[in-house]
Amino acid sequence: MFGKVLIANRGEIACRVIRTCRRLGIATVAVCSEADRNAAHVEMADEAVLLGPAPARDSYLKADLILKAARDTGAQAIHPGYGFLSENDAFAEACAAAGVVFIGPPADAIRAMGSKSAAKRIMEKAGVPLVPGYHGEDQDPELLLSEARRIGWPVLIKATAGGGGKGMRAVHSEAEFPAALAGAKREAAASFGDDRVLIEKYLVTPRHIEIQVFADQSGQAVYLFERDCSIQRRHQKVVEEAPAPGMDEATRRAMGEAAVKAAQAIGYVGAGTVEFIVDASPEGKGAFYFMEMNTRLQVEHPVTEAITGQDLVDWQLQVADGRPLPLAQDELTINGHAIEVRLYAEDPDGDFLPATGRLAHLVPPMGPGVRVDSGVRAGDEVSIHYDPMIAKLIVHGADRDEAIRRLQAALADYEVAGLKTNLAFLRRVAAHPAFAAAELDTRFIERHRTDLLPGPVPVSDRVLATAALHRLLVLAGATAERAAASSDPHSPWAIADGWRMNAVSHVDDHFRDGEREIAVRVHFHAAGYGVSVGEGPERPVRATIEADGRMIVDLDGHRFTARVAEVGTRVHVWAAGEHAAIDRFDPFAFTGDEGAGGGRLVAPMPGKVVQVLTEAGAAVTKGTPLIVLEAMKMEHTIAAPVDGTVEAVHYAAGDLVEDGAELIAFAPAEAKA
Ligand code: MV4
């Protein structure tokens, strides 16, 4: 076995690989960018090598620097993780040329799956089922149209070089075809520098079911069953589970064997995933069709690990070292049910744009059947340079119901503050009746959008009361120990006597929840304490802060535990599964520039400036485009809010900007009387 392995990646997958290496006694070398010098994966590894500046193309994508790092540290093998160089055939070849083992498939196998149409032709020959379609080289528009007619409407036009849904167009009738073809070709040319397309029968509500395969260097291959990854948003997976609900043994075996055939058809070695779409329509009868093969270990591999009890990174290392597969097909079994959700730094209420910032507070859940794979710690930055995934939460239960209950409990316990995340969205998915009923297909999120994205929900009185009580308890130093040390050890409010002596009858706290402003008053009486929220009645309350920081609140005779984290004026409250963030404010504070109006044009999200359309000194009218930002591959134009003058432009094309950065100093024209 290798004595030392270099991990050419970052974040959770680098940490994940290091963990198995450590268990196997293999030394590890991390690589990092300047932004990641103190990252978790660097801290975990035995050694680390700095590659270069933060942008991936200057660091994690620098194949030559990574190979040099392997040589310099004496690493015998490189694990590429996923993303970055993991499916780069030239890198796999360069490793071989440098005498370093690439922990992944042979370069030829990566190449064979790179072209979607060539991959489909290979699979067709191998007898793997394909969606009826046309995957030929001839791109004559007349021929493509006649093929579409033969296939029957609706059809889907896809980029041959594609992936991730780019260059994809659904066409429902012959009349739409020419425009859709032109659009798909344009997008394919722009995205991949290759405008070739293929045409397929369009399945309107498919399920995405993929098979984990493994092959060793002697040509043996097995499947480690399936994962259902149907719950996606714009081709980004959100929930993955194994096994697929409703899968019968015969279909499982047929899909598994087809996937093994696919792997063997291209001389595959190592961990791979064969993606199928399954026709979930009543007429479809659950037929499955090959989509593409991913020639890497996937993000969602932990659900397969959970149900098989295997460590897939361990398997990868064994196979890369030339050993046989650890288990044969008939030794692999499914145990229980596993579900993974991806926690992202993003804003579900703001079109899911990625969020950046410091993870001011981060407490992952724990417990039986709960696994969290993460590459960040409390205090770490989530930057604009890399994938915004914060962690993967994986739960395992005896059956799907138990897994869902564990998922709901773990999501309720998850504490994150400092930046926007999709946590509340995940909680709603996990709690949705259609999820419990396993009504899964790729339109799940779209179909349940109003349930899953209800918009801002007003925070509860419970949260507001807890936030106000927290401040009082902290100010009073009324910890459980203080109370215990006082003359009345049972009074959590022992310290509060002072207030009564000073004849203070109440204190007020003020919070903003979106547009709403709410005053919370805590009342002090000889008999005990009360709290009133807004115009609401006073309700009796007791509260303590335990030694572990947890609050115990008894409001109106209803006792619950809560956690509070204060980040500046922002108060985060987790109370019995509810998480809310509100802003404390001082109603008497002077806010100097209130009502000044405009003056600054700020980046509405982190991104890159792609174009500056104006210059300092320019007089512009309302609506004039001034600067174009790109974020998540979409362009956003910032326009003049009113007539006025551009005083300064703070960024140039190519600059990266943080959320809230001032882009342009802008002077609104004097309002005419
Ligand atoms: C399809 C399809 C329906 N019919 N092909 C999307 C990305 C690419 N890898 C394949 N995709 C699809 N191909 C036919 N013939 C629907 C999708 C699709 C999809 C597939 C898997 C998971 C999520 C999806 C979301 C939208 C569309």
Side-chain angles (χ1 to χ4, degrees), residues 82-83 87 113-121 123-124 128-135 144 147-148 150-172 176-177 180-181 184 187-188 191-192 194 196-211 226-242 244-245 255 259 262 272-281 283-296 298-300 340 342 352 429 439-449 452 633:
Y82 52 73
E87 294 181 277
M113 291 298 117
S115 159
K116 306 304 158 198
S117 56
K120 283 180 181 173
R121 290 198 295 267
M123 293 310 150
E124 194 163 35
V128 178
L130 296 187
V131 186
Y134 170 77
H135 321 112
L144 294 175
E147 286 294 327
R150 176 182 64 77
I151 294 160
W153 313 105
V155 300
L156 194 60
I157 307 174
K158 294 181 176 178
T160 289
K166 260 187 249 146
M168 224 165 75
R169 290 282 192 290
V171 188
H172 297 271
E176 298 168 20
F177 189 81
L181 178 62
E187 210 166 300
S191 300
F192 311 110
D194 176 351
R196 285 175 299 167
V197 295
L198 57 90
I199 299 177
E200 282 179 356
K201 179 83 193 161
Y202 179 41
L203 307 183
V204 179
T205 50
R207 278 170 78 180
H208 171 130
I209 297 184
E210 58 186 33
I211 307 287
E226 75 282 0
R227 297 184 284 260
D228 188 315
C229 313
S230 297
I231 303 188
Q232 311 198 352
R233 223 202 97 257
R234 296 205 196 140
H235 309 296
Q236 181 168 274
K237 291 172 183 168
V238 176
V239 182
E240 300 109 338
E241 57 184 296
M255 290 182 78
T273 293
V274 182
E275 289 185 5
F276 293 96
I277 51 175
V278 174
D279 193 341
S281 72
E283 318 82 66
K285 300 191 179 71
F288 63 88
Y289 306 99
F290 172 82
M291 275 286 108
E292 47 192 83
M293 180 167 183
N294 299 321
T295 55
R296 58 168 192 272
Q298 298 209 152
V299 176
E300 59 271 31
E340 171 179 292
R342 300 188 189 187
F352 289 91
V429 172
E439 291 165 6
L440 307 177
D441 64 64
T442 55
R443 292 184 186 269
F444 183 92
I445 290 174
E446 203 177 306
R447 185 177 314 120
H448 302 296
R449 144 159 237 115
L452 301 175
K633 300 175 190 84

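This chain uses plain numbering: 1 for the first residue, then up along the sequence. Note that ligands are numbered from 1 as they come in the structure, with each ligand's atoms numbered from 1 the same way.
- Side-chain N/O atoms of Glu240 and Gln298 include no donor and acceptor closer than 3.5 Å.
- Near ligand 1, heavy-atom contacts under 4.0 Å come from Val131, Leu156, Lys158, Gly165, Met168, Glu200, Lys201, Tyr202, Leu203, Pro206, His208, Gln232, His235, Ile277, Met291, Glu292, Thr442.
- Ionic pairing of Glu210 and Lys237 is present here: one or more N-O contacts between side-chain nitrogen and carboxylate oxygen are shorter than 4.0 angstrom.
- With sequence neighbours excluded, no residue satisfies ring-ring contact (aromatic ring centres under 6.0 Å, His included) with Phe290.
- Residues meeting the ring-ring contact (aromatic ring centres under 6.0 Å, His included) test with Tyr289, sequence neighbours left out: none.
- Using modelled atom types and a 3.5 Å distance limit, the side chains of Thr273 and Arg227 yield a donor-acceptor pair.
- His135 meets the ring-ring contact (aromatic ring centres under 6.0 Å, His included) test with no other residue; sequence neighbours excluded.
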